2 protein chains.
Amino acid sequence: MADSKPSADDSNPSAAQQRRLQMADIARLAGVSTSTVSRALAGSKLVSEETRVRIMELARSLKYTINIGAQNLRMKQNRTIGVVIPYDHNTRQHLSDPFFLGMLGSLADALTELGFDMLVSRVDADELDAAAAPFDTGRVIGIVLIGQWRHHDQLNQLAARHVPIVVWGAQLPQQLYCTVGGDNVTGGELAVDHLLAEGRRRIAFFGDINLPEVGLRYAGYCRALQRAGVGIDPELLVPVSFLPSGGQQAVEELLRRGVAFDAIFAGSDLLAMMSINAMREHGLYVPGQVAVVGYDDIELSSYFHPPLTTIRQPIREAGRALVTSLLELIEGREAPSQQLPTTLVVRSSSRTV
Amino acid sequence: MADSKPSADDSNPSAAQQRRLQMADIARLAGVSTSTVSRALAGSKLVSEETRVRIMELARSLKYTINIGAQNLRMKQNRTIGVVIPYDHNTRQHLSDPFFLGMLGSLADALTELGFDMLVSRVDADELDAAAAPFDTGRVIGIVLIGQWRHHDQLNQLAARHVPIVVWGAQLPQQLYCTVGGDNVTGGELAVDHLLAEGRRRIAFFGDINLPEVGLRYAGYCRALQRAGVGIDPELLVPVSFLPSGGQQAVEELLRRGVAFDAIFAGSDLLAMMSINAMREHGLYVPGQVAVVGYDDIELSSYFHPPLTTIRQPIREAGRALVTSLLELIEGREAPSQQLPTTLVVRSSSRTV
DNA sequence: TTGAAAGCGCTAACAC
DNA sequence: GTGTTAGCGCTTTCAA
């Protein structure tokens, strides 16, 4: 049934779609060869002004567009970038993290601006090999991966296979792949310096420090405390799951432990917000009794009550940086990992007044 | 330079990428023809068990994957869906609306589940024709468009051209395209019924009722008021821009007008949150003096303070519904527009207590 | 059971 | 300037 004459597919009565126009049709209608049409549409100088205009006119009036698949195949080119967001197999977690979604938006904007298409896929984080599938099958010429998690080794393997890939995340030792990420250590320092300046001394840290980025933020936390001559109390480190109830659990664990604290530095804005809510339920006031600093500066942080002090990750710049690094890689050039500056955004949640 | 022998591209010294493996290579290595490889990889019964296993083994060990572009061209198939999010040319607005981003995530999940790829593109809302580009060029077999805005006519034109397209939005008269949307009228009614039940009578409406969805929500607002025998005061209708300052402006306009109000029904959660903040600055307390109901039930609404009462739009179901309707359309079947149920989620921002 | 050959829709030598 | 021809990487008749 394939390889039949190029007749309309009338074997399928329901699909009343007229056969798609192709270059040969335009050529026939214009009384020229397909080569001429191809050249005309490409704006080649090899075809006379007159014919070119005529053909373009014709194509436009018939709403003919070149079949990109065929063109790509022939030209061995492609202007599609893959964006992969791993998901956790166990929690079957949906794509709802506001920071990741924001990054997706930022990448969409950056790619659109440069005339690239964006192919989004989700893969099981435990099968990160699959992240390269759109590249292996030739659908995309490179991949941006959002969500480094704990998959350093698998990412290294991809890079070793020469898959052009750029990862949003932390720069780690023995890293073969290119990362773009925020300056997490400085981010941690900024947060803690600020809290110290506000007179806080018992600063809890909420986050899973096994995740590279969070680990670095904790390192910044420690460094700032040490520099200020404030001891680091391991009791103040509270590991937090990424579940919606994480913030509540963390606050309750802290209370259960009976450790005194007058501030929280949370690994994400979402976590900070959940924590503030949990504390409110327990009669703890922010910032009066506990000052809170979040991380990311997602859009809603400024609308929160109290408006959230946070470490801003430059998400628009991040999108652009990820894309430009990837394009370097694709061109066969070096793309050094880079850290984007993080900044402290002071709002009410941490102000002692 | 093209059409050269299939030798490695060593004219480009920087790109050390070994030539991509292709079927012919596997065939040669296995000592069979490409036809056999093709059949083996497709799991055809026409090839002997033994050869098939041998070839699959070989392909896997060499990490060979079929070039999908070529396969699609030959088979005239394609498993990619386009998701288009128009942007406002004037404001050059970035993709950051939490509800749209959430929808993007939901679509990604739904498509992944069904084994489709998602090609995301942004187009100028004033050139909605461009939304069909990925379809016209054969990149995708259908399009989901998020953001109906005021572009009813342009969308109708696309549908008239037989572009398989499904739009998230309101169902309008003389509509040629398929929409999936929340039940906006009921949403408006639910919100207002609830506020009335809480004893509020002077309910302001924040939103641009020229947008179809918002207009319907306002219609629901009016219907609920009338049913309760409460008059509709046009002074209470406040048009709001989609700028970040929209909430603030709306609140201030209401105060400037000097109209009394004891409740606000906002066209989106974001708007509700901004309004609550603006009121706080003006010494108005929520829900004490003013009860507030939002719309969408974005993830952060429950973390807001006070937790936001809102009309929930079922975003996960929406993603699935959009996709299944589109697939119907692609199969040449009818896809009636549908409304998904909206529900009232009562939280603190509207409770009189 | 396998291979040779044609062709999906396009582009680019190469000839005229 | 324009047409002829070959071929991008794959699938599928058709013949053996």
Side-chain angles (χ1 to χ4, degrees), chain A residues 1-9 19-56 59 62 64-79 135-139 141, chain B residues 1-9 19-55 59 62 64-79 136-139 141:
Chain A
M1 82 212 280
D3 278 6
S4 60
K5 279 275 168 294
S7 64
D9 180 1
R19 190 177 60 84
R20 216 186 251 291
L21 229 44
Q22 52 191 71
M23 205 174 260
D25 300 316
I26 305 293
R28 193 162 15 75
L29 265 43
V32 296
S33 73
T34 57
S35 332
T36 303
V37 175
S38 173
R39 289 187 190 111
L41 261 31
S44 161
K45 313 236 62 175
L46 282 172
V47 66
S48 79
E49 177 72 22
E50 184 255 316
T51 1
R52 185 174 47 206
V53 171
R54 190 161 51 87
I55 292 177
M56 289 191 130
L62 265 48
Y64 165 76
T65 349
I66 286 180
N67 177 318
I68 297 223
Q71 188 183 53
N72 283 347
L73 180 59
R74 172 64 228 228
M75 297 177 77
K76 294 177 164 226
Q77 58 152 37
N78 188 330
R79 285 186 75 80
F135 173 76
D136 291 332
T137 59
R139 309 216 46 173
I141 54 177
Chain B
M1 77 218 281
D3 280 4
S4 59
K5 278 274 168 296
S7 63
D9 178 2
R19 192 176 59 82
R20 217 184 251 289
L21 228 44
Q22 53 192 70
M23 205 173 261
D25 301 314
I26 305 292
R28 194 163 12 79
L29 264 44
V32 296
S33 72
T34 57
S35 329
T36 303
V37 176
S38 173
R39 291 187 188 110
L41 261 32
S44 160
K45 313 236 63 174
L46 283 172
V47 68
S48 78
E49 176 72 21
E50 185 255 315
T51 358
R52 185 173 47 204
V53 171
R54 190 161 50 87
I55 291 176
L62 266 47
Y64 165 75
T65 349
I66 286 180
N67 177 319
I68 297 222
Q71 189 183 53
N72 283 347
L73 180 59
R74 172 64 229 234
M75 296 176 76
K76 293 176 165 227
Q77 57 153 34
N78 186 331
R79 284 186 76 80
D136 291 332
T137 59
R139 310 216 44 174
I141 53 177

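Naming convention: chains lettered A, B, ... in sequence-line order (proteins, then strands); numbering from 1 in each chain. Just so you know, these numbers come straight off a predicted model, no measurement behind them.
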In whole angstroms, how far is the [atom2] atom of [N] from the [atom1] atom of [X]?
| X | N | atom1 | atom2 | result |
| --- | --- | --- | --- | --- |
| A/R74 | C/dG7 | CZ | P | 18 Å |
| A/M75 | C/dG9 | CE | P | 18 Å |
| A/I26 | C/dT11 | CD1 | P | 13 Å |
| A/I55 | C/dC10 | CD1 | C1' | 15 Å |
| B/D136 | C/dG9 | CG | C1' | 16 Å |
| A/R28 | D/dT2 | CZ | C1' | 19 Å |
| A/Q22 | C/dT11 | CD | P | 12 Å |

Quiz item: Listed in order of residue number, which residues of residues 39-54 of chain A have a non-hydrogen atom at under 4.0 Å from DNA chain C?
Solution: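 Of all residues in residues 39-54 of chain A, the ones placing a heavy atom under 4.0 Å from DNA chain C are A/R39.
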
Quiz prompt | DNA chain C contacts among residues 64-73 of chain A, heavy-atom distance under 4.0 Å | solution =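 Nucleic-acid contacts, sorted: A/Y64, A/I66, A/N67, A/A70, A/Q71.
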
How many angstroms lie between atom [atom1] of [X] and atom [atom2] of [Y], to the nearest 0.5 angstrom?
| X | Y | atom1 | atom2 | value |
| --- | --- | --- | --- | --- |
| B/Y64 | B/R20 | OH | CZ | 10.5 Å |
| A/R139 | B/R79 | CZ | CZ | 11.0 Å |
| A/I68 | A/Q77 | CD1 | CD | 8.0 Å |
| A/N72 | A/I66 | CG | CD1 | 11.0 Å |
| B/L41 | B/T65 | CG | OG1 | 9.5 Å |

Quiz item: Quick one: the side chain of A/S35 and the base of C/dA12, do they pair up donor-acceptor inside 3.5 Å?
Solution: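 Looking at the base of C/dA12, it does pair with a donor or acceptor on the side chain of A/S35 (distance under 3.5 Å).
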
Quiz prompt | Selection residues 27-47 of chain A - residue pairs positive for salt bridge (charged side-chain N to carboxylate O under 4.0 Å, His left out), sequence neighbours left out | solution =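 Pairs touching residues 27-47 of chain A that pass the test: A/D25-A/R28.
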
Quiz item: Between A/L29 and A/L62, is any pair of side-chain heavy atoms under 4.5 Å apart?
Solution: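 With C-beta onward as the side chain, the pair touches.
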
Exercise. Determine, step by step, whether B/V53 and B/E49 satisfy the side-chain contact (heavy atoms from CB on, under 4.5 Å) criterion, reporting the C-alpha distance in whole Å, the side-chain angles of both residues, the deciding distance to 0.1 Å, and the verdict.
Key: CA-CA 6 Å; B/V53 171; B/E49 176 72 21; 3.8 Å; yes

Quiz item: Does A/T36 put a side-chain nitrogen or oxygen below 4.0 Å from OP1 or OP2 of D/dG3?
Solution: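 Yes, such a contact exists.
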
Self-check item: Side-chain N,O (B/K76) to OP1/OP2 (C/dG9) below 4.0 Å
Solution: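 Result: yes.
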
Quiz item: Roughly how bent is the helix from C/dT1-D/dA16 to C/dC16-D/dG1 end to end, in steps of 10 degrees, with each end axis from five pairs?
Solution: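 Both end axes considered, the difference amounts to 40°.
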
Quiz item: Nearest to the side chain of B/S33, which nucleotide is it out of C/dT11, C/dG3, D/dG9?
Solution: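 Output: C/dG3.
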
Practice problem: Under the side-chain contact (heavy atoms from CB on, under 4.5 Å) rule, collect the residues that match up with A/A30, sequence neighbours excluded. | Solution: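 A/V32, A/R54, A/I55, A/L58.
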
Self-check item: side-chain contact (heavy atoms from CB on, under 4.5 Å) against B/I141, all qualifying residues, sequence neighbours excluded
Solution: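 Only B/N78, B/I81, B/F116, B/I330 meet the side-chain contact (heavy atoms from CB on, under 4.5 Å) criterion with B/I141.
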
